[in-house]
Amino acid sequence: MEKIRQEIGNEHIYSAALVTDSDCITLFLAVNTEEALARRDKTDRAPERLAELRKYWPEKLVEQVADGSFSLNRYIPDEWNYSDGTDSALNQISQQLYKQEETLSAADDDTYDEVHEQFQEQFLETVARAFEALRSEGTFGPEVICFVSMSDDDRTPDIENDSARRLNTPEQYERFQTWAKFFNG
């Protein structure tokens with residue numbers, strides 16, 4: 001986080017996410033600032049970008065992106081400007097998780113499925129607890145909305161929702177939920 005803080009400078013962090021993949025073998029910290037989000041939103045309001053967005057999103061949503069009242073990228077960690085990078089402790093953990101996955105994959109299919117499911121549940125719980133510890137240590141201020149995310153998986157909305165509820169105040173959770181409901185239609 002110290003490396004990210006140096007990179008951010010005087011910008012204001014509004015959200016942080018610990019992000020994994022559908023196999024729970026990668027883990028990284030993503031952080032975004034209001035200033036970085038404003039730069040991205042400005043890009044999204046360009047006419048050519050709005051025309052592209054109209055191909056994929058409902059007109060009501062695109063209109064709100066155009067007038068600046070909605071940000072497509074507010075809570076999408078893959079689109080944020082800052083992360084812990086490839087030389088971080090989390091990257092080393094990812095390497096260990098990958099090695100563990102290789103060992104598990106040698107088991108027969110039934111055993112693998114059962115062990116892998118239990119592992120993923122434990123992993124997500126551990127990540128949420130780590131975020132709780134970071135919060136209590138003051139790594140992220142009370143204004144920062146924190147959540148756990150999983151890239152490219154059907155479980156992502158549930159994981160994000162459950163962790164956002166757990167890690168934030170009711171008011172922050174409501175902001176997160178309002179954005180997610182509009183974003184997801």
Side-chain angles (χ1 to χ4, degrees), residues 1 4 13-33 36-37 40-41 44 53 56-58 60-62 64-65 70-84 88 90-91 93-94 96-98 100-101 104-105 107 109-136 139-185:
M1 189 59 203
I4 293 172
I13 298 171
Y14 72 86
S15 196
L18 283 167
V19 184
T20 190
D21 62 297
S22 59
D23 289 323
C24 295
I25 57 173
T26 61
L27 184 64
F28 70 92
L29 173 64
V31 174
N32 211 19
T33 64
L37 183 65
R40 178 66 187 258
D41 289 349
D44 281 347
L53 293 175
Y56 306 102
W57 299 99
K60 180 179 178 184
L61 186 139
V62 176
Q64 289 190 345
V65 169
F70 186 78
S71 172
L72 282 176
N73 304 293
R74 179 163 286 279
Y75 299 116
I76 302 182
D78 288 343
E79 301 297 330
W80 291 352
N81 279 40
Y82 305 102
S83 73
D84 59 312
S88 72
L90 290 178
N91 188 275
I93 290 170
S94 295
Q96 292 171 352
L97 291 168
Y98 183 78
Q100 179 179 333
E101 175 68 16
L104 286 176
S105 64
D109 288 345
D110 291 337
T111 303
Y112 174 81
D113 290 344
E114 183 179 328
V115 170
H116 196 253
E117 184 177 329
Q118 289 173 353
F119 166 75
Q120 287 187 352
E121 288 174 16
Q122 281 184 316
F123 177 82
L124 292 170
E125 175 62 22
T126 301
V127 170
R129 285 185 183 196
F131 236 142
E132 287 173 334
L134 292 171
R135 276 278 221 215
S136 68
T139 301
F140 299 105
E143 73 285 358
V144 177
I145 293 179
C146 298
F147 61 99
V148 177
S149 186
M150 181 178 280
S151 57
D152 301 325
D153 195 282
D154 293 341
R155 299 172 290 174
T156 300
D158 291 334
I159 291 167
E160 290 179 348
N161 184 54
D162 292 346
S163 64
R165 181 183 298 117
R166 177 177 179 172
L167 297 168
N168 300 287
T169 65
E171 295 80 17
Q172 289 171 312
Y173 173 69
E174 184 60 35
R175 279 199 311 268
F176 181 86
Q177 255 316 29
T178 299
W179 178 90
K181 284 178 184 174
F182 191 70
F183 180 81
N184 293 316

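Keep in mind the model is a prediction, meaning the values are calculated, not measured.
Between atom OG1 of residue Thr20 and atom CD1 of residue Ile159 there is a gap of 8.5 Å, rounded to the nearest 0.5 Å. Interatomic distance, CG of Asn168 versus CD of Gln177, reported as 11.5 Å (0.5 Å rounding). For the atom pair Asn73 CG and Asn32 CG, the distance stands at 8.5 Å (nearest 0.5 Å). Atom CZ of Phe28 and atom CG of Leu18 lie 9.5 Å apart (nearest 0.5 Å). Put simply, CZ on Phe182 and OG on Ser71 are 12.0 Å apart, with the number rounded to the nearest 0.5 Å. With rounding to the nearest 0.5 angstrom, the OG atom of Ser149 is 6.5 Å from the CG atom of Asp78.
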**Request:** Tell me, with the steps shown, if Leu72 and Gln64 meet side chain to side chain contact (heavy atoms under 4.5 Å, CB included).
**Result:** CA-CA 10 Å; Leu72 282 176; Gln64 289 190 345; over 6 Å; no
**Message:** As a quick check of understanding, evaluate side chain to side chain contact (heavy atoms under 4.5 Å, CB included) for Tyr173 and Ile145, giving each step before the final call.
**Reply:** CA-CA 8 Å; Tyr173 173 69; Ile145 293 179; over 6 Å; no
**Request:** For side chain to side chain contact (heavy atoms under 4.5 Å, CB included), just list the numbers for Phe140 and Met1, CA-CA rounded to whole Å, side-chain angles, deciding distance to a tenth of an Å, and then say yes or no.
**Result:** CA-CA 10 Å; Phe140 299 105; Met1 189 59 203; 3.8 Å; yes
**Request:** Dump the intermediate steps for side chain to side chain contact (heavy atoms under 4.5 Å, CB included) on Glu132 and Arg166, then the final yes or no.
**Result:** CA-CA 9 Å; Glu132 287 173 334; Arg166 177 177 179 172; 2.8 Å; yes
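Between the Gln172 side chain and the Leu167 main chain, no donor and acceptor come within less than 3.5 Å of each other. Panel note: side chain Asn161, backbone Pro157; no donor-acceptor pair is recorded below 3.5 Å. Side-chain atoms of Gln120 come within 3.5 Å of backbone atoms of Ser22 as a donor-acceptor pair (strictly under, hydrogens ignored). Between the side chain of Asp153 and the backbone N or O of Arg155 there is at least one donor-acceptor pair closer than 3.5 Å.
Nearest heavy-atom pair, Val31 versus Ile13, reported as atom, atom and distance to 0.1 Å: CG1-CG2, 3.6 Å.
Among the candidates Thr126, Thr139, Val148, the single residue satisfying the side chain to side chain contact (heavy atoms under 4.5 Å, CB included) test with Phe131 is Val148.
For Arg135, there are no salt bridge (charged side-chain N to carboxylate O under 4.0 Å, His left out) partners at least two apart in sequence or on another chain. By the ring-ring contact (aromatic ring centres under 6.0 Å, His included) test, Phe183 is found to be paired with Trp57, Trp179, residues two or more places apart in sequence or in another chain being considered. Here Gln122 pairs with nothing under the side chain to side chain contact (heavy atoms under 4.5 Å, CB included) rule; sequence neighbours left out. Qualifying ring-ring contact (aromatic ring centres under 6.0 Å, His included) partners for Tyr82, counting only residues two or more places apart in sequence or in other chains: none. For Glu143, the salt bridge (charged side-chain N to carboxylate O under 4.0 Å, His left out) criterion is met by no residue, not counting sequence neighbours.
Cation-pi check for Arg74 over Tyr14 is met; the charged atom lies under 6.0 angstrom from the ring centroid and within 45 degrees of its normal.
In this structure, the side chains of Phe176 and Ser15 stay at 4.5 Å or more apart for every pair of heavy atoms. No side-chain heavy atom of Thr156 sits under 4.5 Å from any side-chain heavy atom of Asp158.
The local environment of CG in Asp152 is sparse, with at most 12 non-hydrogen atoms from other residues, nucleotides or ligands closer than 6.0 Å. No more than 12 heavy atoms of other residues, nucleotides or ligands shown are found within 6.0 angstrom of CZ on Arg129.
Of the charged side-chain nitrogens involved, at least one lies within less than 4.0 Å of a carboxylate oxygen, so that Arg165 and Asp162 count as a salt-bridged pair.
Residue pairs satisfying the salt bridge (charged side-chain N to carboxylate O under 4.0 Å, His left out) criterion with at least one member in residues 167-185, sequence neighbours excluded, are absent.
With hydrogens and angles left out, the side-chain atoms of Asp21 and Ser151 include no donor and acceptor closer than 3.5 Å.
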